[in-house]
Amino acid sequence: MNRLKVVLVENGKTGKWLAEQVGKNEATVSRWCSNKMQPSLDMLVRIAELLNVDPRQLINGGNKE
């Protein structure tokens, strides 16, 4: 499970914005946000870089320790 939807909201970004940044369609990003599908680890790291967050914040729990 990922926290992508929550982190997008916290950063004032939309799924459409993310889809444009990573070159995916909005439906794919929507499935990631609803946890129907999970992005690859490489994609998760790329998303974290775009949102300027630690990749662990995108994973359920988000503990940095």
Side-chain angles (χ1 to χ4, degrees):
M1 300 288 272
N2 71 62
R3 299 181 62 247
L4 183 54
K5 184 176 183 177
V6 172
V7 176
L8 281 171
V9 170
E10 289 173 351
N11 283 276
K13 304 293 184 186
T14 64
K16 181 179 180 178
W17 173 85
L18 182 59
E20 291 170 355
Q21 299 302 306
V22 298
K24 298 288 184 182
N25 64 46
E26 287 182 59
T28 297
V29 173
S30 177
R31 286 191 290 271
W32 292 343
C33 288
S34 63
N35 280 296
K36 292 180 182 174
M37 236 174 80
Q38 299 301 316
S40 68
L41 184 55
D42 289 341
M43 183 60 70
L44 203 63
V45 170
R46 184 170 173 201
I47 292 167
E49 289 171 354
L50 288 167
L51 294 172
N52 198 30
V53 298
D54 188 298
R56 292 173 285 191
Q57 288 182 269
L58 298 175
I59 300 170
N60 198 22
N63 294 330
K64 290 186 179 180
E65 283 100 49

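Side chains are part of it too, since the values below use all heavy atoms of this structure and drop only hydrogens, waters and symmetry mates. Note that this is a predicted model, so its numbers are computed, not measured.
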Exercise for the section: Report yes if the side chains of Met37 and Thr28 come closer than 4.5 Å at any heavy-atom pair, otherwise no. Expected result: yes
Practice task
Evaluate the side-chain proximity of Leu18 to Leu4: yes if any heavy-atom separation is below 4.5 Å, no if none is.
Solution key: yes
Practice task
Might you confirm whether atom CG of Asn52 has over 12 heavy atoms from other residues, nucleotides or ligands at distances under 6.0 Å?
Solution key: no
Problem - Test item: Trp32 and Lys5 side chains (from C-beta on) under 4.5 Å apart, heavy atoms - result: no
Practice task
To the nearest 0.5 Å, tell me how far Ser30 OG sits from Lys16 NZ.
Solution key: 14.0 Å
Fill in the blank from the handout: Minimal heavy-atom distance between Leu44 and Pro39, with the atoms involved, is CD1-CG, 3.7 Å
Practice task
Check step by step if side chain to side chain contact (heavy atoms under 4.5 Å, CB included) holds for Met43 and Val22.
Solution key: CA-CA 8 Å; Met43 183 60 70; Val22 298; 3.8 Å; yes
Practice task
Calculate, to the nearest 0.5 Å, the distance between atoms CD and CG belonging to Glu20 and Leu50 respectively.
Solution key: 12.0 Å
Exercise for the section: Hey, could you give me the CZ/CG distance between Arg46 and Leu41, rounded to the nearest 0.5 Å? Expected result: 14.0 Å
Practice task
Mind checking the CD1-CG spacing from Ile59 to Asp54? Nearest 0.5 Å is all I need.
Solution key: 8.5 Å
Practice task
Tell me, with the steps shown, if Thr14 and Leu8 meet side chain to side chain contact (heavy atoms under 4.5 Å, CB included).
Solution key: CA-CA 6 Å; Thr14 64; Leu8 281 171; over 6 Å; no
Exercise for the section: Mind checking the CZ-CD spacing from Arg3 to Glu10? Nearest 0.5 Å is all I need. Expected result: 5.5 Å
Problem - Any donor-acceptor N or O pair under 3.5 Å, side chains Gln38, Asn35 - result: yes
Exercise for the section: Please report the closest heavy-atom contact between Asn11 and Leu51, naming both atoms and the distance. Expected result: OD1-O, 3.5 Å
